[in-house]
Amino acid sequence: MSKIRRTGAVWVNFICLFLRFRPILPSMKIASFNINGVRARIQQLTDWLEASAPDVVVLQEIKTQDESFPREELEDRGWTVETFGQKGFNGVAILSKLPLEDISRGLPGDDSDEQSRWIEATVIGDRAVRIAGLYLPNGNPAPGPKYDYKLAWMERLAARAAEFLKSEMPVVMLGDYNVIPQPRDAAFPEKWLTDALFLPESRASLRRIEYQGWTEILRLRNLDAASGPFTFWDYQAGAWEKNNGIRIDHLLLSPQAADLVIDAGIDRDQRAAEKPSDHVPVWVDLAA
DNA sequence: ATGGTAGGATACCTA
């Protein structure tokens, strides 16, 4: 084949890619960000939303009641806002550029639980995807009542996760799990041995949920890494500068969601922002 | 072995 014909074929392919394939490949970018106080972090949040351009975001630790959430700043930029706030601590929210249906607040299984740590919605893109944004209890100090609450909360999460799988929908459960799954998910795992984030019961409980049939997509994308990547660096003792991090923000995908994965990642550069959160965003892009 | 930081409450707690 002549050089001219080869060059022509390259261009035809290039044009076909643009005209045919790009428009028919839908994409839904789903992100999670533990914002550590949304009112203190509204600048970083809006800057990141602009730069990363997700379609739907779950937030944790908004640390505000619904009525004090900076709703207008986000609605003015085209976001639909659904909050499940709490005074002072915890609090989760969903921001979406796509329509949301069937929003549900609170993790089922304990009507006496007053902590705002769970919000669900169905996102209507090219397909309907059920998302659950979660802020799993920290559990320290362990042992103690807070650790008991963490483990009990994880049992309720396991029950809800099993229901999701029965639905056979694409489901993404994402957020701050407050669990370091394996030694390689901490820069210095030996420092975490007595911490609720790394105790055997916490890790086993998360593992049991994953073994129901969930795909932990950031693990899958980093199978060869001996250490890291991380999603959290403490504010103290120069943890960021030393890359003394842990990976505790996770995305669990049902089989129907895992089949749609285009890409997944961690917006690590957000930890270097002005007055940053101690967590960075994590995301998955689905053909949905 | 300790303390280092941060947000949002309120005169400390949670992380």
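Order of the sequence lines fixes the chain letters, A, B, ..., with proteins taken first and strands second; residue numbering starts at 1 for each chain. Because only heavy atoms are used, hydrogens play no part in the values below, and waters and symmetry mates are left out as well, while side chains stay in.
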Any side-chain donor near an acceptor of the partner, A/Ser32 and A/Asp249, under 3.5 Å: no
Heavy-atom distance under 4.5 Å between the side chains of A/Gln60 and A/Leu136, does that happen here?
-> no
Ordered by number, residues from residues 34-47 of chain A within less than 4.0 Å of DNA chain B (heavy atoms) are A/Asn36, A/Gly37, A/Arg39, A/Ala40, A/Arg41
Residues 190-199 of chain A vs side-chain hydrogen bond (donor to acceptor under 3.5 Å, both in side chains), sequence neighbours excluded, gives A/Asn140-A/Asp195
Exercise. Would you say the side-chain atoms of A/Glu274 and A/Gln44 include a donor-acceptor pair closer than 3.5 Å?
Worked result: no
Numerically ordered, the residues 175-198 of chain A set in heavy-atom contact under 4.0 Å with DNA chain B is none
Can a donor-acceptor pair be found, under 3.5 Å and without considering hydrogens, that links the side chain of A/Arg41 to the backbone of A/Pro276?
yes
Next on the checklist: Ring-plane angle category for A/Phe33 and A/Trp48, please: parallel below 30°, perpendicular beyond 60°, tilted otherwise.
Outcome noted: perpendicular
Expressed as a whole number of Å, how far does the P atom of B/dG3 sit from that of B/dG8? 26 Å
Review point. Expressed in whole Å, how much space separates the P atoms belonging to B/dT14 and B/dT10?
Key: 13 Å
Encoded 5' to 3' (Watson-Crick or G-U under 3.5 Å; [ ] crossing; | other strand), DNA chain B becomes ....((((...))))
A/Phe232 near the nucleic acid: base, sugar-phosphate alone, or nothing, with a heavy-atom cut-off under 4.0 Å?
nothing
- Message: When you measure from the side chain of A/Asn90 to the backbone of A/Gln86, do you find a donor-acceptor pair of N or O atoms at a distance under 3.5 Å?
- Response: no
Its 5'-most and 3'-most nucleotides having an atom under 4.0 Å from a non-hydrogen atom of chain A, DNA chain B is contacted over B/dG4 to B/dA15
Quick check against the 3.5 Å criterion: does A/Gln212 have a side-chain atom that pairs as donor or acceptor with the backbone of A/Ala158? yes
- Task: Using modelled atom types only, decide if a donor and an acceptor are shared between the side chain of A/Asp102 and the backbone of A/Thr122 within a distance under 3.5 Å.
- Result: no
State plainly whether one hydrophobic cluster holds both A/Val261 and A/Trp283, where clusters connect Ile, Leu, Val, Met, Phe, Trp and Tyr through side-chain heavy atoms under 4.5 angstrom apart. no
Requested in this report: Could you give the distance separating B/dA9 and B/dA15 at their C1' atoms, to the nearest angstrom?
Outcome: 14 Å
Taking for A/Asp278 and for A/Gln65 the nucleotide of DNA chain B with the nearest heavy atom, the one nearer the 5' end belongs to A/Gln65
DNA chain B nearest-nucleotide lookup for A/Lys63 and A/Tyr235: closer to the 5′ end is A/Tyr235
With sequence neighbours left out, the residues meeting side chain to side chain donor-acceptor pair (under 3.5 Å) with A/Glu210 are none
- Flag the pair A/Arg247 / A/Pro181 as yes when at least one side-chain heavy-atom distance between them is below 4.5 Å, and no otherwise. yes
| If you count the non-hydrogen atoms of other residues, nucleotides and ligands that lie under 6.0 Å from CD in A/Glu50, is the total more than 12? | no
